[in-house]
Amino acid sequence: MASEHNLFFGRDRELALLAEVQCHDGPDVIGIYGLAGIGKSALLEQFLNQCPAPTQDIALFDCRLIEPTPNAFLSALSLALELNVTTIEQLMIALEHKSTPLLLILDQFESFRLLDTWLRCDFMPQLQSKVRLIFAGRVKPDHQWLIHSPKNCVFKSLKLNSLSTTEAKAYLCSVGLNEESAQMVNRFAEGHPLALRLASVAILEQPVRQMNRVSFDDTIQTLADYFLEDIKDPQLRQAIEATATVRRVSETVLAGMLELSDASNLYHQLTKIAF
């Protein structure tokens, strides 16, 4: 059986879009977004694996590891490219002799939201001919990338959805499940890559257990914890925990559970959470 780390299924359309940044007339910026565990990092890794022999510099960063400030970002970029630059102007000069644009890939971009405006208003306008940018995160790209994008900058947005039934079953069978088990797991996971992985592990750990008795409680708990990492507002987190215990939620129910006089704003925030 192939190593699970090397398994990748589907996403042909998404990979084709990412490949466009390497074309002369391709987009300057691509913003990828989707739920936690939907496969954004795996998509970026597969894209890099499929890139032809390096004809351009590529810099990939995990934004969680960099302070979201211009100075810290330029310092990390300088280190990765083995340059000695501390300003955008110095970076422009350093990239002047490059025949192809630098491909800059920022993963876990939700950690860089404080730097988003600087990238759009300062970094990309000055380096547009020298840099192509791909960023991927859980939060939908700011509409300003479309409304007030840098002059002559082509921006494309890509929402990453769950795998199709065919792709999900192909993955599950590749890790050792039979057709019946794969079908049952995907009815639960609905093509969500992380859910597929966690649920398949739960079943493979108990191969003699009847399929209809397998509990996915641990999988659900892990997914819930993973999704909740993004919820920093303590009141919103409390609202999520409270509403998870009732069958149907309304503003009145939410106000009563949290002892609020008006829960309209909090209810509106809940409706905006994708998971």
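Here the structure is a predicted model, which means the values were calculated and not measured. Heavy-atom basis, side chains included; hydrogens, waters and symmetry copies ignored.
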(request) For the pair Gln128 (side chain) and Asn152 (backbone), establish whether a donor and an acceptor sit closer than 3.5 Å, ignoring hydrogens and angles. (result) yes
(request) Give a yes or no answer on whether the side chain of Ser78 reaches the backbone of Val85 with a donor-acceptor pair at less than 3.5 Å. (result) yes
(request) Say whether Glu45 and Ser41, considering side chains only, have a donor N or O and an acceptor N or O under 3.5 Å apart. (result) no
(message) I need the Met257 CE to Thr252 OG1 distance, nearest 0.5 Å.
(response) 13.0 Å
(message) Side chains of Gln46 and Arg11, heavy atoms from C-beta outward: is any pair under 4.5 Å?
(response) no
(message) Taking Tyr171's backbone N and O only, do any of them form a donor-acceptor pair with Ser174's side chain (distance below 3.5 Å, no angle check)?
(response) yes
(request) Could you check if a side-chain atom of Glu179 sits within less than 4.5 angstrom of a side-chain atom of Cys173, using non-hydrogen atoms only? (result) yes
(request) State whether the side chain of Lys98 and the backbone N or O of Val131 hold a donor-acceptor pair below 3.5 Å, judged by distance alone. (result) no
(request) Taking the side chain as every heavy atom from C-beta outward, state whether Leu74 and Thr86 have any pair of such atoms under 4.5 Å apart. (result) no
(request) Return yes when atom CG of Asn84 has more than 12 non-hydrogen atoms of other residues, nucleotides or ligands closer than 6.0 Å, and no otherwise. (result) no
(request) Determine whether Leu133 and Ile105 make a side-chain contact, defined as any pair of heavy atoms from C-beta on separated by less than 4.5 Å. (result) no
(request) Give me the one residue out of Lys130, Lys156, Arg132, Lys151 that meets salt bridge (charged side-chain N to carboxylate O under 4.0 Å, His left out) with Asp28. (result) Arg132
(request) Could you check if a side-chain atom of Tyr33 sits within less than 4.5 angstrom of a side-chain atom of Leu158, using non-hydrogen atoms only? (result) no
(message) Show, in sequence, the C-alpha distance, side-chain angles and deciding distance for Phe8 and Leu43, and conclude whether the side-chain contact (heavy atoms from CB on, under 4.5 Å) test is met.
(response) CA-CA 8 Å; Phe8 189 88; Leu43 176 68; 4.1 Å; yes
(request) Is it possible for you to say whether Leu79 and Ile66 belong to one hydrophobic cluster, with membership spreading through side-chain heavy-atom contacts below 4.5 Å? (result) no
(message) Between Tyr267 and Asp262, does the side-chain contact (heavy atoms from CB on, under 4.5 Å) criterion hold? Intermediate values first, please.
(response) CA-CA 10 Å; Tyr267 181 82; Asp262 181 9; over 6 Å; no
(message) So Leu18 and Ile134, do their side chains get closer than 4.5 Å, heavy atoms only?
(response) yes
(message) Strictly distance-based, threshold 3.5 Å: is any side-chain N or O of Glu167 a donor or acceptor partner for the main-chain N or O of Ser164?
(response) yes
(request) State, yes or no, whether a side-chain contact exists between Gln235 and Leu260 at a heavy-atom distance under 4.5 Å. (result) yes
(request) Give the ring-plane orientation class for Phe135 versus Trp145, where under 30° counts as parallel, over 60° as perpendicular and anything between as tilted. (result) tilted
(request) Please test Leu102 against Leu81 for side-chain contact (heavy atoms from CB on, under 4.5 Å), starting from the C-alpha separation and ending with a verdict. (result) CA-CA 10 Å; Leu102 164 70; Leu81 298 177; 3.9 Å; yes
(message) Asn71 vs Thr69, test: side chain to side chain donor-acceptor pair (under 3.5 Å). Steps then yes/no.
(response) CA-CA 6 Å; Asn71 288 341; Thr69 64; 5.9 Å; no
(message) Is there a path of hydrophobic side-chain contacts, each under 4.5 Å between heavy atoms, that joins Phe109 and Val21?
(response) no
(request) Go through the steps to decide whether Ile88 and Gln90 satisfy the test side-chain contact (heavy atoms from CB on, under 4.5 Å), and finish with yes or no. (result) CA-CA 5 Å; Ile88 295 178; Gln90 290 175 348; over 6 Å; no
(request) Return yes if some donor-acceptor pair links the side-chain N/O of Gln238 with the main-chain N/O of Pro234 below 3.5 Å, else return no. (result) no
(message) Strictly distance-based, threshold 3.5 Å: is any side-chain N or O of Asn186 a donor or acceptor partner for the main-chain N or O of Gly191?
(response) yes
(message) So which atom in Glu251 and which in Ser264 form the shortest heavy-atom distance, rounded to 0.1 Å?
(response) OE1-CB, 3.3 Å
(message) If you compare all heavy atoms of Leu83 against all heavy atoms of Ala94, which two are closest, and at what distance to 0.1 Å?
(response) CD1-CB, 3.9 Å
(request) With rounding to the nearest 0.5 Å, note down the distance linking CD in Glu14 to CD1 in Ile32. (result) 9.0 Å
(request) Consider only side-chain heavy atoms of I, L, V, M, F, W and Y, link residues closer than 4.5 Å, and tell whether Val29 and Leu160 are in one cluster. (result) no
(message) Classify the ring geometry of Trp118 against Phe123: parallel below 30°, tilted from 30° to 60°, perpendicular beyond 60°.
(response) tilted
(message) Main chain of Leu177, side chain of Ser181: is a donor-acceptor contact present, judged purely on distance under 3.5 Å?
(response) no
(request) Indicate the atoms forming the closest heavy-atom contact of Leu106 with Cys63, along with that distance. (result) CB-SG, 3.7 Å
(request) For residues Lys40 and Leu44, determine if any side-chain heavy atom of one lies less than 4.5 Å from a side-chain heavy atom of the other. (result) no
(message) Using modelled atom types and a 3.5 Å cut-off, is there a donor and acceptor pairing between side-chain atoms of His148 and backbone atoms of His143?
(response) no
(message) Under 4.0 Å between a side-chain nitrogen and a carboxylate oxygen: does that hold for Arg64 and Glu110?
(response) no
(message) Would you compute the distance between atom CZ of Arg120 and atom CE of Met124 and round it to the nearest 0.5 angstrom?
(response) 12.0 Å
(message) Is it the case that over 12 heavy atoms from other parts of the model lie below 6.0 angstrom from the CD atom of Glu190?
(response) no
(message) Can you give me the closest heavy-atom contact between Ala168 and Leu163, atom names plus distance?
(response) N-CB, 4.2 Å
(request) Look at the side-chain heavy atoms of Ile, Leu, Val, Met, Phe, Trp and Tyr, link any pair under 4.5 Å apart, and say whether Ile58 and Leu17 land in one connected group. (result) yes
(request) Determine, using the 4.5 Å side-chain heavy-atom cutoff (strictly less than), whether Phe112 and Leu77 are members of one ILVMFWY cluster. (result) yes
